[in-house]
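Proteins come first, then strands; the chains are lettered A, B, ... in the order of their sequence lines, and each starts at number 1. Bear in mind the structure is a predicted one, so any value in this text is a computation, not a measurement.
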Number of protein chains: 2
Amino acid sequence: MDSQQDSPTGKGSQRARWKQDPEGVRSNILAVALKEFSEHGLSGSRIDEIAAKTRTSKRMIYYYFGDKDGLFQKVLEEAYRHVRDGEKELHLEDLAPVDALRQLVEFTFEHHRRNPDFIRLVMIENIHNGDYLRKSELIRSLNQTAISRIEAIYNKGVEAGLFRKGILPVAIHWQISALSFFNVSNRMTFSQLFGGDLFDEKGQDQLRRQIADSIIRFVSSETPA
Amino acid sequence: MDSQQDSPTGKGSQRARWKQDPEGVRSNILAVALKEFSEHGLSGSRIDEIAAKTRTSKRMIYYYFGDKDGLFQKVLEEAYRHVRDGEKELHLEDLAPVDALRQLVEFTFEHHRRNPDFIRLVMIENIHNGDYLRKSELIRSLNQTAISRIEAIYNKGVEAGLFRKGILPVAIHWQISALSFFNVSNRMTFSQLFGGDLFDEKGQDQLRRQIADSIIRFVSSETPA
DNA sequence: CCACTTATGTACCGTTCCGTTAATTTGTCA
DNA sequence: TGACAAATTAACGGAACGGTACATAAGTGG
């Protein structure tokens, strides 16, 4: 969720020191809209409010994105891309299966934790029955790597006799996602109902290790130390 | 989310065959509003639309609930009460720790699955930073039983040498909630990104057993059969 | 430097939507 | 049965909001 200062169209931009800056305006709108949507939801956000926080005018939003739905659609796509990009920092190829899995779980946990805007956007998208995701070819293509990454680790672990057979990689991914996602999505209500101890810095460290343990135990053929 | 047919004020009602029916109207509004809010969110819902689906008029909503926020507040409280009531069916006292825990997990999983409206309401409440929950004295009081129920099972398990020490009951509850909640809350996006196999009847049966296994393994001192 | 496309700002329109005003009907109880 | 409170209806006001019309500036290619 940084971007934005690269106004004069970053990509090998031949045209420097311009007054007009389509790409910059576009991405500025997207950044503001992401924040606004993730804060207030789709119908809770106001186009006028978004426009006001932009460096440009309301007219530009309609010029580039057509309407409110179109804007939300693009915001969602941009957010998915940004988050999936972040996951590329992860390199697990030469780790032992158990270490790789622990690494993956803890990374996912932290990654979600650092991107609450994205999480909230996905919550909102789920409230809208995934309608905007459905319309996006782009996004579906970004996600199969998550499964194959797990599959590689899992298969390696099974071959080494460390993991038990018969678990679907997608089920492992589901469980990792669930725990990492819930940690952000339901923080507000959970901490109000059951106290905030799990969510301060120390609590989160414990939780992160704990869910990594949990996932490892889940797939292990024996109890891990 | 049944209720509602008990119009002539259910509670040992002395006044039968009435034309006016305050309690009936009130609960009819709440039922319609629950559905509407859980479907469209707080700002996405229209008071006029709710009123239209009611057996009464818009004015009555304001008469009984003040404004939109007040209505949402009461809907939330009502939903929590209803769901917590449903949990009273559960009796685990005389089961062995492992069986009790499995029972509790599978029950929670199914219970969430059967109450998607409630789940969606909680998602919405989280998007609004838990503001409405915060204002409700009522709700907080309903929830401590969830923790003590787990604590009883866990302590029994530890004493019997079946469970390992050093886990917080609230962390166990957190994990059960996360898995059961995510299963409903993120169904739309998850199934679109990774396929729907986990969510048909067979997939859900497997998932339910699987997460029960997972929780049990998590607390166990040894690998379970 | 001119014709044409792309980008941007201003002012405005029609509708939706929350909430209210004012009056009426229904029931209570002394 | 009549005074008073509770419940309910119909119609409306006014602000908020999504979207557009129109004018114009900035940039491009010939």
Side-chain angles (χ1 to χ4, degrees), chain A residues 4 6-11 13-33 36-37 39-75 124 128 131-132, chain B residues 4 6-11 13-30 32-33 36-37 39-75 124 128 132:
Chain A
Q4 262 40 51
D6 52 321
S7 296
T9 172
K11 276 196 174 180
S13 148
Q14 56 282 65
R15 38 180 172 177
R17 68 174 58 251
W18 246 29
K19 244 182 160 180
Q20 291 188 181
D21 180 14
E23 284 311 310
V25 167
R26 232 186 101 95
S27 67
N28 174 241
I29 293 173
L30 282 175
V32 172
E36 207 67 9
F37 280 137
E39 214 160 297
H40 305 115
L42 175 49
S43 24
S45 293
R46 304 290 151 231
I47 292 279
D48 287 302
E49 185 66 21
I50 294 173
K53 292 181 179 170
T54 291
R55 89 159 87 107
T56 179
S57 68
K58 179 160 70 154
R59 181 68 186 78
M60 286 292 91
I61 296 177
Y62 289 96
Y63 184 66
Y64 283 119
F65 303 99
D67 60 7
K68 203 185 189 186
D69 283 353
L71 177 58
F72 186 78
Q73 179 89 21
K74 287 299 195 306
V75 165
I124 291 161
H128 291 278
D131 291 342
Y132 297 89
Chain B
Q4 262 42 50
D6 51 323
S7 296
T9 170
K11 274 195 175 180
S13 149
Q14 56 281 63
R15 38 180 172 176
R17 68 177 55 253
W18 246 31
K19 246 181 157 180
Q20 290 190 180
D21 181 13
E23 285 309 312
V25 166
R26 230 185 105 95
S27 65
N28 175 240
I29 293 173
L30 282 174
V32 171
E36 207 66 10
F37 280 137
E39 215 161 296
H40 305 116
L42 174 50
S43 23
S45 293
R46 304 291 150 232
I47 292 278
D48 288 299
E49 185 66 20
I50 294 174
K53 293 181 179 170
T54 291
R55 89 159 87 107
T56 179
S57 70
K58 178 162 72 157
R59 183 65 185 78
M60 287 293 91
I61 296 177
Y62 289 96
Y63 184 66
Y64 285 119
F65 303 100
D67 60 6
K68 203 184 187 184
D69 283 353
L71 177 59
F72 185 78
Q73 179 91 21
K74 286 300 192 314
V75 166
I124 291 161
H128 291 278
Y132 298 88

Sorted by chain and residue number, the ring pair (Phe, Tyr, Trp, His ring centres under 6.0 Å) partners of F37(B) (sequence neighbours excluded) come out as F72(B)

Could you give the distance from CD (E23(B)) to CG (N28(B)), rounded to the nearest 0.5 Å? 12.0 Å

Could you list the residues that satisfy side-chain contact (heavy atoms from CB on, under 4.5 Å) with Y63(A), not counting sequence neighbours? R59(A), M60(A)

Using atom CZ of R55(B) as one end and atom C1' of dT9(D) as the other, report the distance to the nearest whole Å. 16 Å

Nearest-angstrom distance from the residue atom NE2 of H40(B) to P of dT16(C): 16 Å

Tell me: CD of E49(B) to C1' of dC18(C), nearest whole Å? 15 Å

According to a strict under-4.0 Å criterion, is Y64(A) in side-chain N/O contact with OP1 or OP2 of dT8(C)? yes

Would you check, one step at a time, whether the test side chain to side chain contact (heavy atoms under 4.5 Å, CB included) holds for I29(B) with L71(B)? CA-CA 9 Å; I29(B) 293 173; L71(B) 177 59; 4.0 Å; yes

Mind calculating the distance between CZ (F65(A)) and P (dA7(C)) to the nearest angstrom? 12 Å

Verify the contact: side-chain N or O of S57(B) to OP1 or OP2 of dT9(D), cut-off strictly under 4.0 Å; return yes or no. yes

Which residues pass the salt bridge (Lys or Arg N to Asp or Glu O under 4.0 Å) test with K58(A), sequence neighbours left out? D48(A)

Can you measure I50(B) atom CD1 to dG19(C) atom P for me and round it to whole angstrom units? 11 Å

Run the ring pair (Phe, Tyr, Trp, His ring centres under 6.0 Å) test against F65(B) and tell me which residues pass, sequence neighbours left out. none

T56(B) side chain near dT9(D) phosphate (N/O to OP1/OP2, under 4.0 Å): yes

Nearest-angstrom distance from the residue atom CG of N28(A) to P of dA7(C): 16 Å

Would you please name every residue forming a side chain to side chain donor-acceptor pair (under 3.5 Å) with Y62(B), sequence neighbours left out? none

Please identify each residue that fulfils salt bridge (Lys or Arg N to Asp or Glu O under 4.0 Å) with D67(B), with sequence neighbours left out. none

Between its two end axes (five pairs each) the helix from dC1(C)-dG30(D) to dA30(C)-dT1(D) turns, nearest 10 degrees, through 10°

Distance in angstrom units between E23(B) CD and dA6(D) P, rounded: 14 Å

With E39(A), which residues qualify under salt bridge (Lys or Arg N to Asp or Glu O under 4.0 Å), at least two apart? none

Can you give one letter per nucleotide of nucleotides 15-22 of chain D, going 5' to 3': B for a protein heavy atom under 4.0 Å from the base, S for sugar-phosphate only, - for none? --SBBBBB

Separation of dG9(C) C1' from I61(A) CD1 (nearest whole Å): 13 Å

